[in-house]
Number of protein chains: 2
Amino acid sequence: MAKPDKREEIVKASLELIAEQGFHGAPMAMIAERAGVGAGTIYRYFENKDVLITELYRELEERIFPAIQEGYAPDKPIREQFLHLSTGLLKYFIENSLDFRFIEQFHNSPYGVACRRDKLMGTKAGCDIFHDLFEYGISQQAMKDLPLVIIFALAFGPILAVARDHILGFIVLDEAMIARTVEACWDGVRR
Amino acid sequence: MAKPDKREEIVKASLELIAEQGFHGAPMAMIAERAGVGAGTIYRYFENKDVLITELYRELEERIFPAIQEGYAPDKPIREQFLHLSTGLLKYFIENSLDFRFIEQFHNSPYGVACRRDKLMGTKAGCDIFHDLFEYGISQQAMKDLPLVIIFALAFGPILAVARDHILGFIVLDEAMIARTVEACWDGVRR
DNA sequence: TAAAAAGGAATGAACATTCATTCCGTAAAT
DNA sequence: ATTTACGGAATGAATGTTCATTCCTTTTTA
């Protein structure tokens, strides 16, 4: 239990500190302290800080995509599917604000650009569900015939912005407001 | 002419370096070098790096808002006004990608949060045109009756995402595509 | 008791900022 | 007209701080 335990503590401490303070409010020494380990110990589990951060991001993705697919029914109408996935994503971010904050930091950093590129080029898995849904939606004329990148922007742009506003305390999103927001996103992409 | 010249060089160098490399690819020494001044000279014009960055942001805002108001006609229908302003914003970002990249960096940093807070609280000027338009649009039942923060998210979320994708080279936005994207944003906010 | 793991002080690189000095244009003095 | 004095602008080497990373010692495990 000792070994995986420490690793986990380190990852958790990194997530918290980076989410709360940004990359630069999270020096290795502080991560070590919060994780309750020595500074050198981190390097037994992660080659360097970059690897730690990249690994953390990977682990978050692995949590998120299964979570939002909960109860996903690929046979329902496109609109329903869209609402289901988008609502799931927004709720996940609201309920796991540390994850959201970290991911935002990550995307707005040198790491993030390479990652985005991989994703769009299809090199990387993860957004596949959305990717497939959008392609299907367009082919069925249920959604606007725009490049996928733009559909992604129309769908996720507002979701991320709203999640940010909620987490920063600029607004309180209850069930109803979440539903109305996601509906509005659908209005943006639907034909 | 000598005095404003140096200051301007410093601001320009900062914009370029921060936009291209992020805050951390822009040490003061490098800014000084690119500006063609000594490292100490920067401190004759700006108290410290924070002040330099904040000042730079302020100057950018002063350029942007007038630019997108070009030809704005407050008597046209709400839809037209929305399309005009949003198109202007998107085009500005595409044509001034350094500005866009810097602003994104800024918003995703400790500076940015305080700034957003000020904006939403109405403490800060700038978004007034949008603010007013949205409030009017809602009151006229032309736009969805959602909190302003959410309307902002629906309108600007996609615009910023699309500008980012264009600048990173994931897509090429021509006139037609810009128009279709902005129309889609309108679909998101309109009743 | 040997090997693996953990610890944390020591190291050195990167950085923002400072400050003693130089430079240069203007103006007073001769 | 030439020299001298002055003051603010500019400079960049020096400083002190903050980190990521290393390395050697101590502790735990097998």
Side-chain angles (χ1 to χ4, degrees), chain A residues 1-59 101-102 105-106 108-112 114-115, chain B residues 1-59 101-102 105-106 108-112 114-115:
Chain A
M1 194 200 244
K3 192 174 169 187
D5 211 35
K6 297 231 170 192
R7 201 196 120 102
E8 209 176 302
E9 285 304 316
I10 293 165
V11 169
K12 196 168 131 247
S14 305
L15 172 62
E16 289 173 12
L17 280 171
I18 294 172
E20 284 162 11
Q21 315 281 344
F23 284 113
H24 305 283
M28 292 300 255
M30 208 182 282
I31 291 173
E33 193 189 13
R34 181 173 299 208
V37 304
T41 306
I42 296 178
Y43 290 86
R44 295 202 51 77
Y45 295 92
F46 304 95
E47 197 189 327
N48 56 45
K49 198 177 185 181
D50 275 21
V51 168
L52 167 59
I53 287 168
T54 309
E55 182 61 21
L56 172 49
Y57 179 75
R58 223 183 43 70
E59 290 188 16
R101 298 251 291 257
F102 174 82
Q105 302 274 352
F106 186 86
N108 289 285
S109 75
Y111 311 110
C115 172
Chain B
M1 196 201 247
K3 192 172 169 187
D5 212 36
K6 296 229 171 193
R7 202 197 119 101
E8 208 176 302
E9 287 302 317
I10 293 166
V11 170
K12 196 168 130 246
S14 304
L15 172 62
E16 289 173 11
L17 281 171
I18 294 171
E20 284 160 13
Q21 316 280 344
F23 284 114
H24 305 283
M28 292 299 255
M30 207 182 284
I31 291 173
E33 193 189 13
R34 182 174 298 208
V37 305
T41 306
I42 296 177
Y43 291 86
R44 294 201 54 75
Y45 294 92
F46 305 94
E47 196 187 327
N48 55 45
K49 199 177 183 180
D50 276 19
V51 169
L52 166 59
I53 287 168
T54 308
E55 183 61 21
L56 173 49
Y57 180 76
R58 225 184 41 70
E59 290 190 15
R101 298 252 290 257
F102 173 83
Q105 303 274 353
F106 186 87
N108 290 286
S109 74
Y111 311 110
C115 171

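In what follows, every chain begins at residue 1, and chains take the letters A, B, ... in the order their sequences are listed.
Inter-residue side-chain proximity for B:V11 and B:Y45 is flagged as unmet; no heavy-atom pair is nearer than 4.5 Å. For the pair A:E55 and A:R58, the minimum side-chain heavy-atom distance is below 4.5 Å.
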Would you tabulate the pairs of protein nitrogen or oxygen atoms and nucleotide nitrogen or oxygen atoms of nucleotides 15-20 of chain D closer than 3.5 angstrom?
unit_1, atom_1, unit_2, atom_2, d
D:dA20, OP1, A:K49, NZ, 2.3
D:dA20, OP2, A:M28, N, 2.4

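Computed from coordinates, the A:E9 CD to C:dA5 P distance equals 18 Å when rounded to whole Å. In this structure, CD of B:E33 is placed 14 Å from P of C:dA16, rounded to the nearest angstrom. Residue A:R7 contributes atom CZ, which lies 14 Å from atom P of C:dA5 at whole-angstrom precision. Between the CZ atom of B:R44 and the P atom of D:dT11 there is a distance of 10 Å, rounded to whole Å. For A:K6 and D:dT27, the NZ to P distance is 14 Å, given to the nearest whole Å. Straight-line distance from the CD atom of B:Q21 to the P atom of C:dA14: 16 Å, rounded to whole Å. For the pair A:I42 CD1 and D:dC23 C1', the computed distance is 16 Å after rounding to whole Å. Separating the CG atom of A:D5 from the C1' atom of C:dA6 is a distance of 14 Å, rounded to the nearest angstrom.
Ring to ring, B:F23 and B:Y111 are close: their centroids are under 6.0 angstrom apart.
At distances below 3.5 Å, at least one donor-acceptor pair connects side-chain atoms of A:T54 with backbone N or O atoms of A:D50.
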Does the salt bridge (Lys or Arg N to Asp or Glu O under 4.0 Å) test come out yes or no for B:R34 and B:E20, once each step is laid out? CA-CA 13 Å; B:R34 182 174 298 208; B:E20 284 160 13; 3.8 Å; yes
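Remark: B:M28 CE to B:E33 CD distance equals 14.5 Å, nearest 0.5 Å.
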